[in-house]
Amino acid sequence: MRTIVITGASDGIGAAAAAQLAHEDTRLVLVGRSPAKTRAVAARVGAEHHAVDFERLDEVRDLAAALRGECARIDVLADNAGGMFSGPALTTDGVEKTFQVNHLAPYLLTALLVDRLIGSRAAVVNTASVGARLFGRIDLDDIDSRDRFHPNRAYGNAKLANILFTRGLHARFRSRGLTAVAFHPGMIATNFASDTSSGLRRVYHGALQRFLTPPERGGAVLAHFVTGRPDRDWAPGEFHGAHGRISRTHSQAYDPLMAERHWEQSARMLGLEPAWGLA
Ligand SMILES: NC(=O)c1ccc[n+]([C@@H]2O[C@H](COP(=O)([O-])OP(=O)(O)OC[C@H]3O[C@@H](n4cnc5c(N)ncnc54)[C@H](OP(=O)(O)O)[C@@H]3O)[C@@H](O)[C@H]2O)c1
């Protein structure tokens, strides 16, 4: 039996993927923010669930502890929760919200589960975005994009962070059996960008919405990476487009020094050893 953990599973792409992945040979553990929505999706697909707010790192730590207690193995961790938000807004942890919800919280969750993931020869599937290339340009002196805040810039940098994290995981853990991949799901009609001052709100929630792809399609893209085999169906360490093939992303994603420094700075913000993961 494979155990698959999906965050951001209470709505949109994650919920659609969960419905497609529900199978008697699969143990599904769904993570969402809203307890009611998460419970409802889990009941619909016959999954276990946890409600966790990624704006609170103490809740992420509790989630990791609960998963470690409940899951002897984790075959896939789909770090999918995220979105574009208004801001700058500092969380109770003193971090800009877009950066924390999209990057720092899943980075922490993955770090706290890493030995379980290695032991399971797991795949970490990161829902990133073409927004990394369109809107991103990371300044390590403003890693959470709180200065000169713009929702697009903060989102692009956070999704670029997802890709850098994928590359960092690949560099450190591939030789120990853990694989990591990042992908863009497509332009999907979900709850995405419902709480932002970005012009993208009008695209996702106005008249243009009918030109977007339905959530089931986005769910199918996530499900493809969850069920696919590394090296056969996708390339470990790489960013892929919604078509499933490797896709070019922001130039900073290919800068090894940027990947190292971003990894270490993220670790320091979380009180982790900056060199964690080096064998
Ligand atoms: N839709 C697109 O076109 C598109 C394009 C590129 C990338 N993406 C990425 O795809 C992923 C899924 O987004 P979606 O389109 O499915 O949007 P969505 O319908 O808004 O779903 C977002 C999911 O993330 C969860 N989430 C949001 N804030 C959270 C928090 N503070 N703590 C814990 N969970 C939180 C939501 O939980 P609740 O519903 O319970 O609040 C929900 O389950 C995101 O990473 C997004 O950046 C989407």
Side-chain angles (χ1 to χ4, degrees), residues 5-19 30-42 47 49-60 62-63 78-87 89 91-93 95-106 108-109 125-136 151-152 154-163 165-166 182-196 198 200-201 203-205 208-209 211-223 225 239-242 247 249:
V5 178
I6 307 175
T7 71
S10 52
D11 211 333
I13 293 163
L30 307 185
V31 180
R33 172 178 46 181
S34 152
K37 285 167 68 178
T38 311
R39 202 181 311 118
V41 175
H49 67 279
H50 292 275
V52 177
D53 187 351
F54 280 15
E55 286 183 54
R56 298 191 56 105
L57 294 175
D58 55 345
E59 292 195 15
V60 178
D62 289 348
L63 170 66
D79 283 323
N80 168 72
M84 179 181 278
F85 309 110
S86 296
T91 67
T92 49
D93 302 287
V95 179
E96 209 295 312
K97 171 179 168 174
T98 305
F99 181 78
Q100 178 160 325
V101 172
N102 284 281
H103 167 65
L104 213 53
L108 177 62
L109 179 63
V125 176
N126 291 307
T127 308
S129 172
V130 292
R133 189 176 191 181
L134 294 174
F135 310 127
N152 294 9
Y155 181 70
N157 284 342
K159 290 293 154 185
L160 183 48
N162 294 157
I163 300 168
F165 184 46
T166 302
F183 75 99
H184 170 69
M187 296 269 294
I188 313 295
T190 62
N191 206 27
F192 180 77
S194 57
D195 164 33
T196 176
S198 165
L200 282 175
R201 187 177 197 289
V203 175
Y204 279 85
H205 301 283
L208 293 173
Q209 192 191 48
F211 296 110
L212 300 179
T213 309
E216 293 69 30
R217 216 21 246 134
V221 179
L222 174 54
F225 288 97
F239 172 71
H240 298 66
S247 185
T249 180

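Fair warning: this is a prediction, and the values are worked out from it, not measured in the lab. Atoms within each ligand, like the ligands themselves, are counted from 1 in listed order. Residues take their numbers from the sequence shown, with the count starting at 1.
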query: Closest approach of A51 and S34, non-hydrogen atoms and distance?
result: CB-C, 4.4 Å
- request: Work out which heavy atom in F239 is nearest to a heavy atom in V130; give both atom names and the distance.
  value: CZ-N, 4.2 Å
Looking only at protein heavy atoms, identify the closest one to [atom] and say how far it is in Å.
{"atom": "atom 3 (O) of ligand 1", "answer": "Y204 OH, 2.6 Å"}
{"atom": "atom 33 (C) of ligand 1", "answer": "V52 O, 3.2 Å"}
{"atom": "atom 16 (O) of ligand 1", "answer": "I13 N, 2.8 Å"}
{"atom": "atom 5 (C) of ligand 1", "answer": "G186 O, 3.3 Å"}
{"atom": "atom 27 (C) of ligand 1", "answer": "R33 NH2, 3.9 Å"}
{"atom": "atom 46 (C) of ligand 1", "answer": "Y155 OH, 3.6 Å"}
{"atom": "atom 1 (N) of ligand 1", "answer": "I188 O, 3.1 Å"}
{"atom": "atom 23 (C) of ligand 1", "answer": "G8 CA, 3.6 Å"}

Need the ligand 1 atom indices (1-based, order shown) with element for anything under 4.0 Å from a heavy-atom of [X].
{"X": "S129", "value": "6 (C), 7 (C)"}
{"X": "A81", "value": "24 (O), 34 (N), 45 (O)"}
{"X": "M187", "value": "3 (O)"}
{"X": "D53", "value": "30 (C), 31 (N), 32 (N)"}
{"X": "A128", "value": "6 (C), 7 (C)"}
{"X": "G12", "value": "16 (O), 19 (O)"}
{"X": "K37", "value": "38 (P), 39 (O)"}

query: What do the steps show when you test R217 against V221 for side-chain contact (heavy atoms from CB on, under 4.5 Å), and what is the final call?
result: CA-CA 6 Å; R217 216 21 246 134; V221 179; 4.0 Å; yes
message: Do F54 and T7 make a side-chain contact, defined as non-hydrogen atoms from C-beta onward lying under 4.5 Å apart?
response: yes
query: Less than 4.5 Å apart, any side-chain heavy atom of N126 and any of F183?
result: no
message: Would the distance check show the side chain of R33 and the main-chain N or O of V52 forming a donor-acceptor pair, the cut-off being under 3.5 Å?
response: no
- prompt: Okay, side chain of N162, backbone of N102: is any donor-acceptor separation there less than 3.5 Å?
  reply: yes
query: Mind checking whether N80 has a heavy atom under 4.0 Å from ligand 1?
result: yes
- prompt: Would you say A105 contacts ligand 1, with heavy atoms under 4.0 Å as the rule?
  reply: no
- prompt: Based purely on interatomic distance, does K159 place a nitrogen or oxygen under 3.5 Å from a nitrogen or oxygen of ligand 1?
  reply: yes
- request: State whether the shortest distance between N or O atoms of P185 and N or O atoms of ligand 1 falls below 3.5 angstrom.
  value: no
From CA spacing to verdict: side-chain contact (heavy atoms from CB on, under 4.5 Å), L212, Y204: CA-CA 8 Å; L212 300 179; Y204 279 85; 3.5 Å; yes
- request: Assign the ring pair F165 / H103 to parallel, tilted or perpendicular, where the plane angle (0 to 90°) is split at 30° and 60°.
  value: perpendicular
With rounding to the nearest 0.5 Å, note down the distance linking [atom1] in [X] to [atom2] in [Y].
{"X": "N157", "Y": "E96", "atom1": "CG", "atom2": "CD", "value": "10.5 Å"}
{"X": "L200", "Y": "H205", "atom1": "CG", "atom2": "NE2", "value": "9.5 Å"}
{"X": "D11", "Y": "N80", "atom1": "CG", "atom2": "CG", "value": "10.5 Å"}

Nearest-option assignment for [atom], heavy atoms, candidates [options]:
{"atom": "atom 20 (O) of ligand 1", "options": "T7, D79, N126, N191", "value": "N191"}
{"atom": "atom 15 (O) of ligand 1", "options": "T190, T127, N162", "value": "T190"}
{"atom": "atom 13 (O) of ligand 1", "options": "G82, G32, G83", "value": "G82"}

- request: Could you please spell out the steps behind the side-chain contact (heavy atoms from CB on, under 4.5 Å) verdict for F192 and M84?
  value: CA-CA 7 Å; F192 180 77; M84 179 181 278; 4.0 Å; yes
